[in-house]
Amino acid sequence: MNLNQEIARRRTFAIISHPDAGKTTLTEKLLLYGGAILLAGSVKARRAERSATSDWMKIEQERGISVTSTVLQFEYEGFRVNLLDTPGHQDFGEDTYRTLMAADAAIMLLDGGKGVEPVTEKLYAVCKMRQIPVFTFINKMDRPALEPLQLHDEIRAKLGLENTPFNWPIGNGPAFCGVVNRFSKEVTLFERQEAGSKEALARSASLDDPAVESRIGIEGIQKIREELQMLETMTLPLDLELVMSGQLSPVFFGSAVTNFGVEELLRAFLSMAPPPGPRQSDQGPIDPSSPFFSGFVFKTQANMDPRHRDRIAFIRVCSGKFEGGMETLNARSQKTVRLSNPKEFFGRERGTISEGYAGDVLGIMNQGQLQIGDSLSAGKVVRFPGIPRFSPEHFCILRCAPSARKAFNKGLDELLQEGAVQGLRDPAASGNDMILGAVGPLQFEVMQYRLKNEYRSDTSMDSMPYKIARWVSGSSEDLAALKGASTVRLVEDMNGHTVGLFRDIWSMESVVKNNPKLVFSPIAPTG
């Protein structure tokens, strides 16, 4: 294949959802139907049988939650699929945000019984900001669910997102037995199995097929016909231009745990989702078919292979062709980086690759020379927009025994580079204590767990009273003359930028008001 053909078959997307909507289950079932795994482990049986493919960290397997994003890459019917699995827990939202920066589309997963939930709203806002296409999968239709039209209205009301059903559910809760394609009018009927570890048994038919009548009855068929007719007047037509611009979301109904509707979602999504498109840079839009290689680092991860204490930088390819061993320039450091021994991923599993194209995600061994947001290119220098850090809302100090200081410092340094927890130092304080800040307190527990299990360093944690952080910029004279200094603690982040820590919103507002020459930002500078 030539360069354009390779790019055209790439699909790079993320799945976003509120916790417990079934994201890990849907991820595994997409892998099952994509032929990437032969047996899907249900979330309910995770502790007894096996862990989810995407949840590879020990703490994820023990607690049954996703705490880090992973990359799952596979081939399916001519498509090269890069599935970016993201954490669902709100305490890990910043990791999800960074992953969405590498995606070309998103599948938004909703619990049919709960509709649009708060974390989904926040993650959809990122997709809207980036104007990427969003496809909606309404899950758990095998349980009592809200009326489909109610869910349609809720997506419009809460998200401001026009949506149109691609298929329509037949039945609700225990009576849910299939879906009907709105456009072909083809019915897919499913057979329930004891476990959802294998593909669902299904048969396709028309609404006029006697088998359909015997399954759902004459009244059921009449109800479906009336609802489909109603949709023609109540919803927008499926306009692919609106879908590509993120203004219209196709909606699919199903049940990931029983596999109902998953194959329909996968096939339709891959046919409609966009291939990689142009990326904005300081050189203007970079077309994916540009002859030179370019990409950016959106994630780093330590200890994916604990036996080798490795660190991996995840690079999203934006243009050109990647070749193993090629030399690139890091726009931030202005240093040459050889991309040797590149890896492709399937959760924690990895394999060596020799080439890649726009849309692909590749892993490079990283000894600290690559940071989140770094732009890499060959042929000419390109800088893609930086990936900002957001204001932490929880703060603590981690301490270790003096005898474990060396391991503690090494572990802390490597884990902070992943970006989930931010390190802050007080230049005016004595000692080597580092203040840690995170969006959610569960991040600190993960940090302690990993320090103990990956670096053999036991720690104690002292919580701090601060609730708000703001990056402060201005002249050194204005910073030195800051009014209200007794109500703010000035520290520095790992890049030397000044950060103000506040106990509450009122003290922050007072300091901001009394220092009009200073700028207080909830987002860290990307330079």
Side-chain angles (χ1 to χ4, degrees), residues 1-13 36 70-76 78-84 99 101-104 274-301 304-305 308 310-384 387:
M1 293 187 188
N2 61 32
L3 178 64
N4 288 328
Q5 289 172 325
E6 288 286 3
I7 294 169
R9 73 187 194 95
R10 260 64 183 175
R11 297 293 185 271
T12 303
F13 68 99
T70 57
V71 182
L72 301 154
Q73 299 168 301
F74 58 95
E75 298 274 343
Y76 177 71
F79 290 101
R80 170 67 171 178
V81 181
N82 295 283
L83 196 170
L84 309 177
T99 301
M101 297 295 286
D104 297 318
R279 288 268 171 168
Q280 290 297 326
S281 76
D282 63 342
Q283 304 294 315
I286 302 297
D287 193 90
S289 61
S290 297
F292 66 94
F293 166 82
S294 68
F296 65 90
V297 179
F298 69 92
K299 172 183 174 62
T300 65
Q301 182 73 48
M304 290 190 72
D305 185 350
H308 297 98
D310 60 351
R311 283 186 283 171
I312 300 291
F314 289 81
I315 299 172
R316 154 69 195 237
V317 181
C318 296
S319 71
K321 180 181 179 179
F322 163 81
E323 295 179 335
M326 69 188 305
E327 289 190 347
T328 63
L329 184 69
N330 185 336
R332 172 186 57 82
S333 66
Q334 292 295 300
K335 293 182 178 180
T336 298
V337 179
R338 181 182 291 275
L339 304 183
S340 301
N341 196 24
K343 305 294 183 182
E344 63 178 350
F345 294 93
F346 193 73
R348 185 156 102 185
E349 299 175 14
R350 66 185 77 178
T352 301
I353 58 172
S354 59
E355 61 182 31
Y357 300 86
D360 284 339
V361 173
L362 52 100
I364 298 295
M365 295 298 293
N366 175 35
Q367 298 304 319
Q369 76 273 30
L370 294 176
Q371 300 178 9
I372 293 172
D374 279 355
S375 298
L376 302 171
S377 56
K380 66 176 181 179
V381 179
V382 171
R383 289 181 175 84
F384 294 104
I387 300 178

For Cys318 and Ala358 the tightest heavy-atom approach is O-CB, 3.5 Å

Side chain to side chain contact (heavy atoms under 4.5 Å, CB included) partners for Glu355, two or more places apart
Lys321, Tyr357

With sequence neighbours excluded, tell me which residues meet side chain to side chain contact (heavy atoms under 4.5 Å, CB included) with Lys380.
Phe292, Val382

Residues two or more places apart in sequence or in another chain: which of them pass salt bridge (Lys or Arg N to Asp or Glu O under 4.0 Å) with Asp104?
Arg279, Arg316

Which residues satisfy the side chain to side chain contact (heavy atoms under 4.5 Å, CB included) test with Gln280, sequence neighbours excluded?
Pro285

For the student: nearest non-hydrogen atoms of Leu376 and Phe293, plus distance:
O-CE2, 4.2 Å

List the atom of Val297, the atom of Ala313, and the distance in Å for their closest heavy-atom pair.
CG1-CB, 4.2 Å

So Ser340 and Met365, do their side chains get closer than 4.5 Å, heavy atoms only?
no

Nearest heavy atoms of Val381 and Ala331, plus distance in Å:
CG1-CB, 4.1 Å

dist Leu362:CG -> Ile315:CD1 (nearest 0.5 Å) comes out at 5.0 Å

Kindly state each residue pair satisfying salt bridge (Lys or Arg N to Asp or Glu O under 4.0 Å) with at least one member in residues 369-379, sequence neighbours excluded.
Arg332-Asp374

Check: Val361 and Val317 side chains under 4.5 Å, non-hydrogen atoms
no

Under a 4.5 Å cut-off applied to non-hydrogen side-chain atoms, are Thr336 and Thr328 in contact?
no

My understanding is that only residues two or more places apart in sequence, or in another chain, count here; which of them pass salt bridge (Lys or Arg N to Asp or Glu O under 4.0 Å) with Asp282?
Arg383

What residues, two or more places apart in sequence or in another chain, satisfy side chain to side chain contact (heavy atoms under 4.5 Å, CB included) together with Pro291?
none

What residues, two or more places apart in sequence or in another chain, satisfy side-chain hydrogen bond (donor to acceptor under 3.5 Å, both in side chains) together with Asn341?
Lys343

For Asn366 and Gln369, indicate whether the former's side chain and the latter's backbone hold a donor-acceptor pair under 3.5 Å.
yes

I'd like to know if the side chain of Ser319 pairs up with that of Ser294 as donor and acceptor (distance under 3.5 Å, no hydrogens or angles considered).
yes

With sequence neighbours excluded, tell me which residues meet side-chain hydrogen bond (donor to acceptor under 3.5 Å, both in side chains) with Arg9.
Glu6, Glu75

Checking Glu327 now: which residues fulfil side-chain hydrogen bond (donor to acceptor under 3.5 Å, both in side chains) with it, not counting sequence neighbours?
Arg338

Min side-chain heavy-atom separation Arg311-Thr300 under 4.5 Å
no

Between Ser354 and Gly324 (side chain of the first, backbone of the second, donor and acceptor by atom type, cut-off under 3.5 Å), is there such a pair?
no

Side-chain contact test, heavy atoms from C-beta onward, threshold under 4.5 Å: evaluate it for Pro278 versus Ile286 and give yes or no.
no

In chain order, what residues pass the side-chain hydrogen bond (donor to acceptor under 3.5 Å, both in side chains) check against Thr12, with sequence neighbours excluded?
Asn82

Note: Phe384 and Ser375 closest approach over all heavy atoms is N-OG, 2.8 Å

To the nearest 0.5 Å, atom NZ of Lys299 lies from atom CD1 of Ile387 at 11.5 Å

Is there side-chain contact between Arg10 and Pro276, with heavy atoms separated by less than 4.5 Å?
yes

